[in-house]
J.: 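Provided herewith is a single structure, encoded as structure tokens, for subsequent inquiry.
Starting from 1, each residue takes its place in the sequence as its number. All ligand and atom numbering here is 1-based and tracks the order in the structure.
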Amino acid sequence: MVQKSDTIWFDGKQVPWDEANVHVLTHTLHYGAGVFEGIRAYECADGTSEVFRLEDHMVRLINSAKILGLKVPYTAEDLTEAAVETLKVNKLPGAYIRPLIFVGAGAMGVHPGQNPIQVIIATWPWGAYLGEDALEKGIRVKCSTFSRHHVNVMMTKSKACGNYVNSVLAKTEAVADGYDEAILLDTTGHVSEGSGENIFMVVNDVIYTPHADGVLGGLTRDSMIALAGDLGYEVREEPITRDMLYCADEVFFTGTAAELTPIREIDRRVIGEGKAGPVAQLMQSEFFRIVKGENPDYEHWLHRYSL
Ligand code: PPE
């Protein structure tokens with residue numbers, strides 16, 4: 001269960017959590033043409049807080065809406081301010097932030113017509129996405145029987161609600177089969193991403209990740225590529241096959257919710273030594289130092305706030 005906060009920002013107002021409701025004929029509920037973001041705020045070592053890459057997430061949100069042709073009555077700056085206001089109103093020093101832009105009720109039929117474009121921003125405390133143990137020990141995953149979207153079937157650069165039916169299918173199958181998460185292959189059979197994460201592998205101290213063309217351009221992915229470069233690693237964006245993953249020294253997922261989660265087993269094959277590898281461990285600890293405001297070199301990624 002999501003841990004309730006006091007209010008949710010809803011079309012420009014702070015609305016009590018239990019009153020932030022919509023009509024059952026909400027267009028997006030039927031057809032999936034809404035867009036969302038996942039953002040994390042962290043409590044910093046010095047007692048302040050920060051939202052990680054907040055502006056970048058709001059720009060991606062607006063672009064996701066643009067891809068779907070939704071006319072949003074707010075700018076990325078408006079939504080940045082609204083997110084910080086919501087964290088403060090709810091007295092949250094750290095939280096998961098979920099903005100959602102959706103087509104409201106009005107006409108039915110796939111054409112959204114003049115239906116209102118509505119926006120919410122919800123905030124709540126959310127711990128480790130794949131469990132506390134996952135961050136330390138790594139997880140077991142399977143390659144899904146479901147393929148990731150073809151780039152001209154769904155718009156993979158849009159974090160669109162409907163795109164996530166594919167994620168729900170893959171994740172549900174993986175969990176039912178006794179795994180923690182799924183890896184999706186694209187329609188050519190190459191590795192694309194997890195149900196809600198980007199993927200990296202390490203071979204001989206070189207870090208590889210699939211090109212961002214067919215996957216969500218993750219901000220954690222982008223941050224990890226920059227961080228890896230600064231730590232002296234070579235990062236290559238190249239096509240990856242599932243058997244390359246089986247033989248890699250390390251494989252890990254990255255995402256706002258998943259942070260950096262090591263993968264210790266894929267399709268019943270042990271990856272590396274079957275635990276978090278040295279590169280994943282170093283990158284994860286450096287990432288946590290950054291998001292807790294302990295590395296001034298990355299201060300430009302932090303949107304600081306105080307309660
Ligand atoms: N790929 C997918 C499909 C994805 O959903 C996410 C984020 C990423 C990559 C990583 O993107 P970024 O967060 O910018 O590094 N998934 C969000 C939703 C997860 C959920 O279950 O809900 C998230 O991590 O917040």
J.: Looking only at side-chain N and O atoms, does Arg40 offer a donor or acceptor that is under 3.5 Å from a partner on Thr256?
T.: no
J.: Among Glu55, Glu50, His57, find the residue that satisfies the side-chain hydrogen bond (donor to acceptor under 3.5 Å, both in side chains) test when tested with His303.
T.: Glu55
J.: Between ligand 1 and the protein, find all N/O pairs closer than 3.5 Å and give the distance for each.
T.:
from, atom 1, to, atom 2, distance (Å)
ligand 1, 1 (N), Glu193, OE1, 2.6
ligand 1, 5 (O), Lys159, NZ, 3.2
ligand 1, 5 (O), Tyr164, OH, 2.5
ligand 1, 13 (O), Thr256, N, 2.9
ligand 1, 13 (O), Thr256, OG1, 2.5
ligand 1, 14 (O), Arg60, NH1, 2.8
ligand 1, 14 (O), Arg60, NH2, 3.0
ligand 1, 14 (O), Leu219, N, 2.7
ligand 1, 15 (O), Leu219, N, 3.3
ligand 1, 15 (O), Thr220, N, 2.9
ligand 1, 15 (O), Thr220, OG1, 2.5
ligand 1, 16 (N), Lys159, NZ, 3.2
ligand 1, 16 (N), Gly196, O, 3.3
ligand 1, 21 (O), Tyr129, OH, 2.5
ligand 1, 22 (O), Arg98, NH2, 3.0
ligand 1, 24 (O), Thr256, N, 3.4
ligand 1, 24 (O), Ala257, N, 2.8
ligand 1, 25 (O), Tyr96, OH, 2.5

J.: Mind listing the closest non-hydrogen atom pair of Lys159 and Ser64 along with its distance?
T.: N-OG, 3.0 Å
J.: Between Phe52 and Phe287, is the ring centre distance below 6.0 Å?
T.: yes
J.: Tyr164: which residues meet the ring-ring contact (aromatic ring centres under 6.0 Å, His included) condition with it, sequence neighbours left out?
T.: Phe36
J.: Would you please say whether a donor-acceptor pair under 3.5 Å links the side chains of Glu85 and Gln14?
T.: yes
